[in-house]
Amino acid sequence: MKAARIYLLLHILSTTGVLVNTFDPFTTTVVIGVGATLGRTIYNYLHESCDSKWIAFNATGLQVDLENKLFGQHIASRIILKAVNGFMSNSNPKKPLVLSLHGWTGTGKNFVSQLIAENIYREGMDSSFVHVFTSTLHFPHKSQIDTYKSQLQQWIKGNITNCERSMFIFDEMDKMHPGLIDSIKPYLDYYERLDGVSYRKAIFIFLSNTGGDSIIQTALDFWQAGRNREEIELKDLETSLSLSVFNNKQGGFFQTSLIDKNLVDFFVPFLPLEYQHVVQCAMAEMKARGLQPRREIADMVAKDLVYFPKSERVFSVKGCKTIESKLDYYT
Ligand SMILES: *[C@@H]1O[C@H](CO)[C@@H](O)[C@H](O)[C@H]1NC(C)=O
Ligand SMILES: *[C@@H]1O[C@H](CO)[C@@H](O)[C@H](O)[C@H]1NC(C)=O
C-alpha cells in the first residue's frame, strides 16, 4: 500500500520534471512552482497528514460500530459514544479526553479503542497519530524508570506538537509504574499550554483489569437475583469500581492523583461476557472473514470455552479472546 503510493508520487513528479526541460526560463519557473504545489498536494493526498482529510470524526460510524460489533457492553457503549461525541464536537475543549477502561480480559477494551481510532483516523490503528504503549513491553524494567519517564514525556510532547489530534492508548495500566503515570499527569490536566504546546485536543485511553473483580461480582449478583444484565447501571458499579481502583495495591493507580485530581473524565466498566455474547462474537468474526455466519459453528466455538463460576458456568473466562483461533479450527 505505502510502496504503491510512493511509486505513484515519484512517477507524477518525474513526469512534471520532464515537462520542465522543454520550456523557456520564465515558464520553467512557473511550471516548477506549479509542480511543487502540485507535488505537495499529491504528497498530502497520499501521505497521512494532520488535517481533516485524514482525521475526521464519524459519529454515525462510531454508533453503528458500537451497536453491531461490540457485544454485551450496554454501559460501556453508551459512555464511550457520549464521551467521544461530546469531545470531538467541541472545537475548544478545556482538557484532553481521558478515558479509563476497566474489565477482565477479552471483554472488548482493546476492541473499543480500535473502534474509536477507526472512526477518527482514516488509517485507524495504523495511523501515525495513534500510539499504543503496553507496560510490560515498553516499560518492563523498574530500574530504568527515569529513562522511561523522560522518553515518554518527549514522545507525548513531540507527537502532539506534530499533531494536536493525537491518540495515546496505554495498555496494562495496572502494571505501569506509579512514577511513570505521575510523569504524564501534567498532559492530562486543564492547562492552556505547557511549554508552548496545547494538549487539549488529544485523547488518552487507559486500559486495565483493575476493578474487574468487582464488576464481575455485580454482574453475578444480578444474574443470581434473576435480573436482566441490561438493568445494570453505571451507578451499580461506580462505587465499587472507584474503590477498587483506589485500593488496588498492585496497580499504580491508587498512589497517583489521577483520580483525586479528576484527570480521568470517564471510568468505563466492561461486563464479563456470557455464552450468548461469545456466540455473537463468533458470528461477527465469520462475517468479517467473508464467510456465511453459521450458528452451529458459533455454538461449537462457544461450547469450547471455559466458563465461571464453576458450578453455574455463567461467564466466559477469556471473554471473546480466543474465538479467532477456535474458528480457524472449526471452519
Ligand atoms: C460514517 O459511517 C457510516 C456508517 O458506518 C458510513 O456509512 C459513512 O460512509 C461514514 N462516513 C464517512 C464520511 O466516512
Ligand atoms: C511519537 O511516539 C512514538 C512512539 O509511539 C515515538 O517513537 C516517536 O519518537 C514520537 N515522535 C516524536 C516526534 O516524539
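This structure is a prediction, so every number in the text was calculated from the model and none was measured. Counting starts at 1 for both ligands and their atoms, in listed order.
For the pair D189 and K185, the salt-bridge criterion is not met [side-chain N within less than 4.0 Å of a carboxylate O]. Using a 4.0 Å cut-off between charged nitrogen and carboxylate oxygen, R289 and D328 count as a salt-bridge pair.
Considering only non-hydrogen protein atoms, atom 8 (C) of ligand 2 sits nearest to W155 CD1, 3.8 Å. The protein heavy-atom contact nearest to atom 13 (C) of ligand 1 is N58 ND2, 4.4 Å. With hydrogens left out, the protein atom closest to atom 4 (C) of ligand 1 is G61 CA, 3.9 Å, a heavy atom.
Checking Q217 against D213 by side-chain atom types alone, no donor-acceptor pair falls below 3.5 Å.
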Intermediate values then yes/no, salt bridge (Lys or Arg N to Asp or Glu O under 4.0 Å), E48 and R122: CA-CA 9 Å; E48 189 185 30; R122 235 176 73 186; over 6 Å; no
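Below 3.5 Å of separation, one finds an N or O of H131 facing an N or O of ligand 2.
Using a 4.0 Å threshold on non-hydrogen atoms, atom 11 (N) of ligand 1 counts as touching the protein. Under the 4.0 Å distance rule, the nearest protein heavy atom to atom 2 (O) of ligand 1 falls inside the cut-off.
Ring centroid separation for the pair H102 and F267 comes in under the 6.0 Å cut-off.
Each of the following atoms of ligand 2 lies closer than 4.0 Å to a heavy atom of Q154: 14 (O).
For the pair K95 and Y190, the cation-pi test (distance below 6.0 Å, angle within 45°) is passed.
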